[in-house]
Amino acid sequence: MSHRIAVLPGDGIGREVTPEAVRVLRAVGKGSGTTFDFEEGLVGGGAIDATGAPLPPATLALCLKADAILFGAVGGPKWDDLPQEQRPERGLLGLRKQLDLYANLRPAKCFPFLVDASPLKREVVDGTDLVVIRELTGGLYYGEPRGVERAADGSARAVNTMVYSTAEIERVARVAFDVARKRRKRLASVDKANVLVVSQLWRETVTRVGKEFPDVTLEHVLVDNCAMALVQRPTHFDTLVTENTFGDILSDEAAILAGSMGMLPSASIGSLAGAGGSLAGAGGGRVGLYEPVHGTAPDIAGKGIANPIASVLSAAMLLRYSVNMSADADRIERAVERVLAAGHRTGDIARSGEKALGTRQMGDLIVREVEAQY
Ligand code: IPM
Ligand code: MG
């Protein structure tokens, strides 16, 4: 078998962690007899510098013909003063829209070895294992009308629109129920139905889709309450589904539960993925995008000390959801667990006094643990 993987490291530590995930995939390829064809593309700030655009046409074309995309991170202080429409982030937002990557899966699991790395108390985070499913191509991020009107007197009025259709809600709800069904069969749908009409439609639609999944217990949680519950009793949650902006915020919050953002992978799945848009898990889909939840981390970029685990675990998700190699995804996850269990740490997850490894060293250890399983 052969799979085409578009590799878009982007900016900052994206350039440092992504190569480690590629090395891990190469080890999987060798062990399993699979050929991965990696082709690198420019995106974000680096693409702006080289071509003037955050998502050059060549990169989009590369992604469209790939089986999956391994993404790093985009952005950085250098491009902070550019107008909205020209910022590095537009590269990522453009890809999500162009590839219709409407379901974003962000697991947050508290690794037992890292309970003490979380700023929250051990008894609160211990046992946390949840996944946030964030709608990724609608809501405030893309809704029309949008824009700023400036008046002659210097005053201005700016508009973003939160808009969702039933079809958009239904498809992400189906993914969420499907994921919940393979987990502990509990789904929390997060909205602001006490205030927003969009949320009322959200709630109504999710409830209706839920009838197709009678084995999954559905609850509705208001977003403000959910933000509180996530840090108060995170073990209550299994699978959460919510609209784009709420999901952006809650998934960052959930990241804290895992001890470090440097541990968290994500998958963005499109309508082309899997059978009938459902997350087959065993299905083998088309063009999903896999990226660490962390950003470019300008404060540590270029130092070779970033934690590559989020990127490596994103590669595992890629194997599971885009190319139907679940057993190999398990091998990667096991390798990461073994390296951590043996006490190896990067700076973000090391306790004071503990030795911190560099990006490359951590990558070496994981590659070795992957190789050992074939
Ligand atoms: C994320 C990020 C992006 C978002 C930015 C970089 C555009 O915060 O993936 O959560 O807001 O979606
Ligand atoms: Mg975010």
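Along the sequence shown, the residues carry numbers beginning at 1. Indexing begins at 1, ligand by ligand and atom by atom, following the structure's order.
If you check the side chains of Asn307 and Thr346, you find a donor sitting under 3.5 Å from an acceptor.
Without hydrogens or angle criteria, Glu135 side chain to Thr242 main chain gives no donor-acceptor distance under 3.5 Å. Panel note: side chain Glu20, backbone Val312; no donor-acceptor pair is recorded below 3.5 Å. No donor-acceptor pair under 3.5 Å is formed between the side chain of Glu243 and the backbone N or O of Gly139.
Taking 4.5 Å as the limit, every side-chain heavy atom of Val231 sits out of range of all side-chain heavy atoms of Val124.
In terms of polar-atom proximity, defined here as any N/O pair under 3.5 Å, Arg96 does make such a contact with ligand 1. Checked by distance only, ligand 1 and Glu291 stay at 3.5 Å or farther apart across all their nitrogen or oxygen atoms.
The protein heavy-atom contact nearest to atom 1 (C) of ligand 1 is Arg106 NH2, 3.3 Å. When hydrogens are left out, the protein atom nearest atom 8 (O) of ligand 1 is Asp248 OD1, 3.3 Å; that is the closest non-hydrogen contact.
The nearest N, O or S atom of Asp248 is closer to the Mg ion (ligand 2) than 2.8 Å.
A perpendicular orientation is assigned to the rings of Trp202 and Tyr164, their planes being inclined by more than 60° (bins at 30° and 60°).
Close contacts of ligand 1 with Glu89, meaning ligand atoms under 4.0 Å from a residue heavy atom, involve 6 (C), 7 (C). Contact atoms of ligand 1 toward Tyr141: 4 (C), 11 (O), 12 (O) (distance under 4.0 Å to a heavy atom of the residue).
Leu64 and Leu42 fall into different hydrophobic clusters, where Ile, Leu, Val, Met, Phe, Trp and Tyr residues are linked whenever their side-chain heavy atoms come under 4.5 Å apart, directly or through other members.
Judged by the shortest distance from any of its heavy atoms, His294 lies outside the 4.0 Å radius around the atoms of ligand 1.
Contacts of Arg134 with ligand 1, taken as heavy-atom pairs under 4.0 Å, involve the side chain alone.
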